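Worksheet for the structure shown next.
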Amino acid sequence: MIPQSSTSSTQSCPSTARPETFVVRVPAKVNLALHVGGLREDGFHPLETVFQAVSLWDEVTFTPIDHAVLEITMTGQGAEALPIDHTNLVHRAASLLADRYGPHPVGVRIDVVKDIPIAGGMAGGSADGAATLLGLNQFYGLGLSINELLEYAGELGSDMAFSLLGGTAIGVNRGEQLTPIEAPARFHWVFVMSTVGLSTPSVFREFDLNEPPRHIHLNPAMIQALKQGDIDGVVQHFRNDLQPVAFKLRPELAELYRQGLDAGALAAIVSGSGPTMAFLARDHTHAAALAERLSGLDSVAGVRLAYGPVRGAHLLG
Ligand code: C5P
């Protein structure tokens, strides 16, 4: 059931037409730059980041049901490890909308099929929350604008707004305040997954043990290179302030980083808070050859090819 807050205010009446089944597709992300400042009083860190949405997708189906307010299922690689309780971002997104816009006589089943690596620094949880906001807006005919959805996404999680927006974007504050960038070049990626995930809060906690960087400003040369479609220029400014922390917590990642570059990757970067490692290739053929070489290594749980940028959460069909 969606918990209905007794203090909730109903701001608009949802449509009473019976909703139809449909599917929302939502991408993973990688950070091309991630500058992190010192811990704030609210428990978060100031960020300046460049997000790119990449072609690994979760699919989320919305189906009307009569006998309950909300049901959630999750399937796909590793999904059995995910809690489907009030902490799940699908549940939290549905609860937020129910609190604001009131209950609907028709219940909904939300079936999430996961293809985004779990606990890998690719915003898989945020992606599902973003798909839920977009999907329930459509399902119940709430008529919310993209800006309203982005606002709700920002309340729920740091990466969720970007999962809605997609493409390439600068993110500041916690990462939820976005400015899209028109970035024409296509990036070909090999994502290498680890056997064990890394929790984002634990990576930030470890980060806090060291003096934070004094400056967290994105390099304007990187933004310029992105706009010009100059991949070599972008690569020169790859930076992730969480990468040394991920290497400390998982020394095998530092080894993997070197092995990927030795195998011919144009560049490498830990994806967000890790442990997924992103290797950049020249083109699809180069990416496939690189994936083949990296997939044989001991610490590697799996490899995935993807490209970016791609669009954000959207309805299929
Ligand atoms: O906002 P989100 O739920 O994605 O963040 C997960 C956790 O990552 C937070 O609870 C916090 O510990 C850490 N975080 C942070 N600073 C940010 C974003 C996330 O410390 N800007």
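Indexing begins at 1, ligand by ligand and atom by atom, following the structure's order. Atoms considered below: every heavy atom in the structure, side chains included; atoms not considered: hydrogens, waters and symmetry mates. Bear in mind that the values here come from a model prediction, so they are computed numbers and not experimental data.
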Handout entry: Per-atom contacts, ligand 1 versus Gly43 - under 4.0 Å to a heavy atom
Key = 20 (O)
Completion exercise
atom 7 (C) of ligand 1: closest protein heavy atom, distance to 0.1 Å, is Pro201 CG, 3.9 Å
Exercise for the section: Go through the side-chain N and O atoms of Arg40 and Asn173 and say whether any donor and acceptor fall under 3.5 Å apart. Expected result: yes
Exercise for the section: Indicate if Phe139 and Val112 have the same hydrophobic cluster label, given that clusters are the connected sets of ILVMFWY residues with side-chain heavy-atom separations under 4.5 angstrom. Expected result: yes
Exercise for the section: List every atom of ligand 1 that sits less than 4.0 Å from any heavy atom of Thr200, numbering the atoms from 1 in the order shown and giving each element. Expected result: 8 (O)
Practice task
Would you please indicate yes or no on a ring centroid separation below 6.0 angstrom for Tyr307 and His188?
Solution key: no
Problem - Distance filter under 4.0 Å to Arg174 heavy atoms, resulting ligand 1 atoms - result: 1 (O), 21 (N)
Exercise for the section: Looking only at protein heavy atoms, identify the closest one to atom 19 (C) of ligand 1 and say how far it is in Å. Expected result: Phe204 CE1, 3.6 Å
Handout entry: Part of Phe44 with heavy atoms under 4.0 Å of ligand 1, whether side chain, backbone, both or neither
Key = both
Completion exercise
When distances are taken from atom 15 (C) of ligand 1, the protein heavy atom at minimum range is His45 ND1, 3.4 Å
Exercise for the section: Measure the acute angle between the ring planes of Tyr152 and Tyr101, then classify it against the limits of 30° and 60° as parallel, tilted or perpendicular. Expected result: perpendicular
Problem - Which residues share a ring pair (Phe, Tyr, Trp, His ring centres under 6.0 Å) with Phe22, sequence neighbours left out - result: Phe62
Exercise for the section: Check whether the ring centres of Trp189 and His284 lie less than 6.0 Å apart, and answer yes or no. Expected result: no
Handout entry: Closest approach of any protein heavy atom to atom 18 (C) of ligand 1, naming residue and atom
Key = Ser158 OG, 3.3 Å
Exercise for the section: Using a strict cut-off of 4.0 Å, indicate which atoms of ligand 1 neighbour a heavy atom of Gly157. Expected result: 1 (O)
Exercise for the section: Evaluate the ring planes of Tyr257 and Phe247, with Trp represented by its six-membered ring, and classify them as parallel (under 30°), tilted (30 to 60°) or perpendicular (over 60°). Expected result: perpendicular
